[in-house]
Amino acid sequence: MAAPRVRFAPSPTGSLHVGGARTALYNWLFARRHGGTFILRIEDTDVERSKKELTQQILDAMTWLGLSWDEGPFFQSERQALYREAADRLLAEGRAYRAFETAEELEAQKKAAEAAGGSFKYDGRGRSLSKEESDRRAAAGEKFVLRLRVPDEPLVVDDVVQGRTEFPAGALDDFVLVRSDGHPLYHFTVCVDDVAMGITHVVRGVDHLPNAPKHVALFRALGAPCPVFAHLGMILGTDGKKLSKRHGAAGVEEFRSQGVLAEALANFLALLGWSPGEDRERMTLSAMAEIFELERIGPSPSRFDHEKLLWLNGQYIQSTPGERLLELAAPFGLPARDEATLAKGVELLRPRAKTLVELAAGLSVYGEDPAAFEPAGLKKFGKPELAPVLRTLAARLDAVTPFAHAGLEEAARALAAETGVGLGQIAQPVRLAITGSLASPPLFEMIEALGRDTTRRRILAFADRIAAPAAAS
RNA sequence: GCCGCGUUCGUCUAGCGGUUAGGACGCCGCCCUCUCAAGGCGGAGAUCACGAGUUCAAAUCUCGUACGCGGUACCA
């Protein structure tokens with residue numbers, strides 16, 4: 001295939017939604033797969049709703065995901081001359097015409113049509129205006145919009161994902177290209193830009209599919225070949241409704257702040273609608289870029305399964321080097337401890353943490369001594385008669401040299417045997433003393449990482465606490 | 001209302017005329033085990049939305065119906 005040119009064209013009216021992220025991802029993958037060009041274009045023609053900060057947020061989110069663009073970002077707000085030129089040309093060629101009806105008039109027609117049970121379509125009365133009259137009224141300062149003269153023939157949208165759909169002649173009315181205040185509208189700017197940028201493949205959400213025939217008509221009017229379309233199914237929440245904040249998180253930034261790795265999110269998103277076949281699932285961006293094909297994208301909407309994202313994220317955490325993990329977890333708050341200790345801690349947490357948030361939380365035991373103890377744990381092990389055993393263990397562990405997990409465990413096992421209980425009966429209260437919780441990474445390896453002093457202090461403090469339960473709060 | 005699209009285990013999906021309908025998440029059980037995970041092994045879970053048709057043969061092709069979603073702007 002000749003090097004394709006694709007674009008991702010978000011409008012900065014919100015932060016990057018995962019649906020948009022997936023669209024960007026597919027465009028990126030497709031470009032990379034075929035040695036093409038990935039263009040970023042910001043569709044900010046709606047000045048009232050577009051915000052500059054949001055543009056930066058979108059760029060940041062894409063960068064974070066690893067979706068680098070080759071050209072742009074281009075801003076439609078800075079390309080007005082191009083649209084005006086195209087509009088003038090279309091008008092001069094008679095492919096578009098001025099329509100002088102006011103918005104109020106149209107609104108009234110629409111209301112009347114609806115009242116009559118029908119649907120409104122612009123009747124095209126502006127078509128019959130002579131060039132002279134049109135020019136005269138425009139020169140006289142009368143307000144007008146520019147409408148496309150939609151050809152009276154069927155419009156075919158050939159879509160790699162959704163298949164071929166034919167829209168019968170007359171299905172479209174002569175839609176507006178340029179508003180009466182001179183602002184070019186979405187459909188128009190999209191096509192003008194796609195032509196100007198030499199876009200060969202348009203990959204976007206199905207919500208744009210109903211717009212596609214308009215674009216087909218526009219490309220024809222512009223005298224340009226139609227790009228190949230690929231309309232992607234929606235991403236829905238678990239309830240089958242369009243994914244939104246209501247479902248917990250819908251924006252890339254939100255997942256990032258939940259401690260999701262960029263690689264995991266990208267991998268997960270890629271699998272929502274696209275499948276490499278051969279039961280492959282875990283793949284890096286570059287691995288996907290080697291085999292990505294638009295033809296393997298499914299047409300149906302898919303639900304966003306947070307559980308599976310978390311699982312994938314856990315998988316990525318497991319295979320990310322500890323040093324890197326520490327960097328990634330830093331924004332979520334790391335205890336003030338030497339790096340060597342934290343590095344050991346990360347290794348122990350690696351198979352357990354599903355998110356960076358969990359990783360950071362798990363690392364907190366290497367900081368302050370536990371301030372609180374799990375209620376269920378206190379209920380089970382907060383018995384005064386356990387205090388002497390714990391004190392004995394504290395002393396024995398303190399005497400272990402070197403202070404390494406094998407020896408520490410041996411000491412604990414010996415004490416358990418002497419006391420006539422299983423190791424669990426000793427280890428669990430100690431775990432509670434050390435971490436405040438009944439669930440943690442392997443105890444003796446944690447103790448080794450924590451060091452002699454901290455271990456002794458925590459066990460003794462806990463022993464004191466359970467020895468005098470009344471004093472405990 | 002009208003127009004368009006979609007429909008395989010709860011979820012993501014493989015499948016592209018003949019399969020015991022495969023995998024993954026989740027769930028359950030077993031193993032491992034100081035707890036929790038991870039990991040290994042095994043299991044339950046899909047009359048392929050429904051109804052017609054084409055065919056020796058249909059999850060796969062065609063047409064209806066139902067349900068879901070999207071669109072229906074001088075928004076994007």
Side-chain angles (χ1 to χ4, degrees), chain A residues 9-14 43-46 48-50 76 99 101-103 106-107 110 114 117-121 143-147 157 159 161-163 165 167-168 171-173 175-187 189-190 205-213 231 233-234 236 238 240-242 268 271-282 296 298-312 314-315 318 348-354 358 362 377 409 412-413 416 422-428 430-432 435 437-444:
Chain A
S11 63
T13 52
E43 312 217 315
D44 55 352
T45 50
D46 186 344
E48 282 112 57
R49 293 201 298 156
S50 298
Q76 293 196 317
E101 295 79 16
T102 63
L106 260 18
E107 191 57 37
K110 190 175 173 182
E114 273 164 11
S119 59
F120 172 72
K121 253 181 67 184
K143 290 276 184 202
F144 62 86
V145 297
L146 191 69
R147 286 182 183 270
V157 176
D159 189 296
V161 176
Q162 304 289 341
T165 42
F167 295 78
L172 255 52
D173 63 359
F175 57 97
V176 176
L177 265 22
V178 181
R179 301 206 306 199
S180 55
D181 63 4
H183 274 104
L185 254 15
Y186 171 74
H187 299 302
T189 57
V190 164
V206 259
D207 44 333
H208 288 288
L209 187 55
N211 297 150
H231 287 96
M234 291 272 115
L236 311 173
T238 42
K241 304 285 182 207
K242 194 169 177 175
F268 177 76
L271 261 18
L272 242 39
W274 172 76
S275 164
E278 297 171 357
D279 295 331
R280 286 234 271 157
E281 289 212 312
R282 283 191 54 195
R296 290 197 63 86
S300 45
S302 39
R303 300 185 189 210
F304 193 98
D305 184 1
H306 203 91
E307 290 287 333
K308 187 156 184 175
L309 203 214
L310 253 26
W311 167 77
L312 241 194
Q315 293 287 308
Q318 282 195 56
L348 298 179
L349 255 8
R350 180 196 294 292
R352 275 161 264 264
K354 289 258 188 269
E358 285 182 18
E409 178 169 346
R413 280 188 190 281
L423 180 56
Q425 288 302 305
I426 299 279
Q428 281 302 78
V430 174
R431 188 187 309 281
L432 191 61
T435 69
S437 161
L438 247 26
S440 84
L443 184 61
F444 302 102

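Proteins come first, then strands; the chains are lettered A, B, ... in the order of their sequence lines, and each starts at number 1.
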Roughly, in whole Å, what's the span from [atom1] in [X] to [atom2] in [N]?
{"X": "Leu349(A)", "N": "A38(B)", "atom1": "CG", "atom2": "P", "answer": "13 Å"}
{"X": "Leu172(A)", "N": "G4(B)", "atom1": "CG", "atom2": "C1'", "answer": "12 Å"}
{"X": "Arg280(A)", "N": "G15(B)", "atom1": "CZ", "atom2": "P", "answer": "15 Å"}
{"X": "Gln425(A)", "N": "C34(B)", "atom1": "CD", "atom2": "C1'", "answer": "10 Å"}
{"X": "Phe444(A)", "N": "C34(B)", "atom1": "CZ", "atom2": "P", "answer": "9 Å"}
{"X": "Leu432(A)", "N": "C36(B)", "atom1": "CG", "atom2": "C1'", "answer": "14 Å"}
{"X": "Phe120(A)", "N": "C3(B)", "atom1": "CZ", "atom2": "C1'", "answer": "16 Å"}
{"X": "Leu443(A)", "N": "U35(B)", "atom1": "CG", "atom2": "P", "answer": "11 Å"}

> Going through the distances and angles, do Thr102(A) and Lys143(A) end up as a side chain to side chain contact (heavy atoms under 4.5 Å, CB included)?
Replying inline: CA-CA 8 Å; Thr102(A) 63; Lys143(A) 290 276 184 202; over 6 Å; no

Which base sits across from [N] as a Watson-Crick or G-U pair, both distances under 3.5 Å?
{"N": "G10(B)", "answer": "C25(B)"}
{"N": "A44(B)", "answer": "none"}
{"N": "U20(B)", "answer": "none"}
{"N": "U55(B)", "answer": "none"}
{"N": "G1(B)", "answer": "U72(B)"}
{"N": "U35(B)", "answer": "none"}

With [X] via side chain to side chain contact (heavy atoms under 4.5 Å, CB included) - residues at least two apart:
{"X": "Gln162(A)", "answer": "Asp159(A), Val206(A), Leu209(A), His231(A), Pro299(A)"}
{"X": "Ser300(A)", "answer": "none"}
{"X": "Arg303(A)", "answer": "Leu236(A)"}
{"X": "Thr45(A)", "answer": "Gln76(A), Thr189(A)"}

Sugar-phosphate only, base, or nothing, as touched by [X] at under 4.0 Å among non-hydrogen atoms:
{"X": "Val176(A)", "answer": "sugar-phosphate"}
{"X": "Ser440(A)", "answer": "base"}
{"X": "Pro213(A)", "answer": "nothing"}
{"X": "Leu271(A)", "answer": "sugar-phosphate"}
{"X": "Gly163(A)", "answer": "nothing"}
{"X": "Thr45(A)", "answer": "sugar-phosphate"}
{"X": "Ala103(A)", "answer": "base"}

Span that lies between the [atom1] atom of [M] and that of [N], in whole angstrom:
{"N": "A46(B)", "M": "G26(B)", "atom1": "C1'", "result": "16 Å"}
{"N": "A73(B)", "M": "C16(B)", "atom1": "C1'", "result": "41 Å"}
{"N": "A59(B)", "M": "A21(B)", "atom1": "C1'", "result": "8 Å"}
{"N": "C27(B)", "M": "U65(B)", "atom1": "C1'", "result": "35 Å"}
{"N": "U62(B)", "M": "C30(B)", "atom1": "C1'", "result": "50 Å"}
{"N": "G53(B)", "M": "A14(B)", "atom1": "P", "result": "30 Å"}
{"N": "C48(B)", "M": "C5(B)", "atom1": "P", "result": "25 Å"}
{"N": "C9(B)", "M": "C25(B)", "atom1": "C1'", "result": "12 Å"}

>> If you assign Arg352(A) and Glu101(A) each to the RNA chain B nucleotide with the nearest heavy atom, which residue ends up on the more 5' nucleotide?
In response: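 Mapping each residue to its closest nucleotide by heavy atoms, the 5'-most match is Arg352(A).
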
>> Need to verify one output field. Residue with the more 5' nearest nucleotide on RNA chain B, Ala439(A) or His187(A)?
In response: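 Checking each residue's closest nucleotide, the 5'-ward one belongs to Ala439(A).
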
By ring pair (Phe, Tyr, Trp, His ring centres under 6.0 Å) - contacts of [X] (at least two apart):
{"X": "Trp311(A)", "result": "none"}
{"X": "Phe144(A)", "result": "Phe100(A)"}
{"X": "Tyr186(A)", "result": "His208(A)"}

Between [X] and [Y], what is the shortest heavy-atom contact and its length?
{"X": "Pro351(A)", "Y": "Leu348(A)", "result": "CD-O, 3.6 Å"}
{"X": "Leu349(A)", "Y": "Gly362(A)", "result": "CD2-C, 3.4 Å"}
{"X": "Gly298(A)", "Y": "Val161(A)", "result": "O-CG1, 3.7 Å"}

Nucleotide nearest [X] (side chain, heavy atoms from C-beta), chosen from [options]:
{"X": "Gln315(A)", "options": "A38(B), C75(B), C3(B)", "value": "A38(B)"}
{"X": "Leu106(A)", "options": "C34(B), U13(B), C74(B)", "value": "C74(B)"}
{"X": "Glu409(A)", "options": "C3(B), C5(B), C34(B)", "value": "C34(B)"}
{"X": "Leu272(A)", "options": "C12(B), C34(B), A73(B)", "value": "C12(B)"}

Polar atoms only, N or O, under 3.5 Å: list the protein pairs with nucleotides 67-71 of chain B and their distances.
| from | atom 1 | to | atom 2 | distance (Å) |
| --- | --- | --- | --- | --- |
| C69(B) | OP1 | Lys241(A) | NZ | 2.8 |

>> Across nucleotides 19-31 of chain B, 5' to 3', mark each nucleotide with B, S or - according to how protein heavy atoms within less than 4.0 Å reach it.
In response: ---BBBBS-----

> Listed by chain and number, what are the side-chain hydrogen bond (donor to acceptor under 3.5 Å, both in side chains) partners of Ser275(A), not counting sequence neighbours?
Replying inline: none

>> Please enumerate all residues that pass side-chain hydrogen bond (donor to acceptor under 3.5 Å, both in side chains) together with His187(A), with sequence neighbours excluded.
In response: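 Counting only residues at least two positions away or on another chain, His187(A) forms a side-chain hydrogen bond (donor to acceptor under 3.5 Å, both in side chains) with His215(A).
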
Polar atoms only, N or O, under 3.5 Å: list the protein pairs with nucleotides 40-50 of chain B and their distances.
none

> What distance do Leu185(A) atom CG and His183(A) atom NE2 have between them, rounded to the nearest 0.5 Å?
Replying inline: 10.0 Å

> OP1 or OP2 of C34(B) less than 4.0 angstrom from a side-chain nitrogen or oxygen of Arg413(A), does that happen here?
Replying inline: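 So the side chain of Arg413(A) is within the cut-off, an N or O lying under 4.0 Å from OP1 or OP2 of C34(B).
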
> Do Ser302(A) and C12(B) share a donor-acceptor pair, side chain to base, under 3.5 Å?
Replying inline: no

> Would a 4.5 Å heavy-atom cut-off, applied to side chains only, mark Glu281(A) and Leu271(A) as touching?
Replying inline: yes

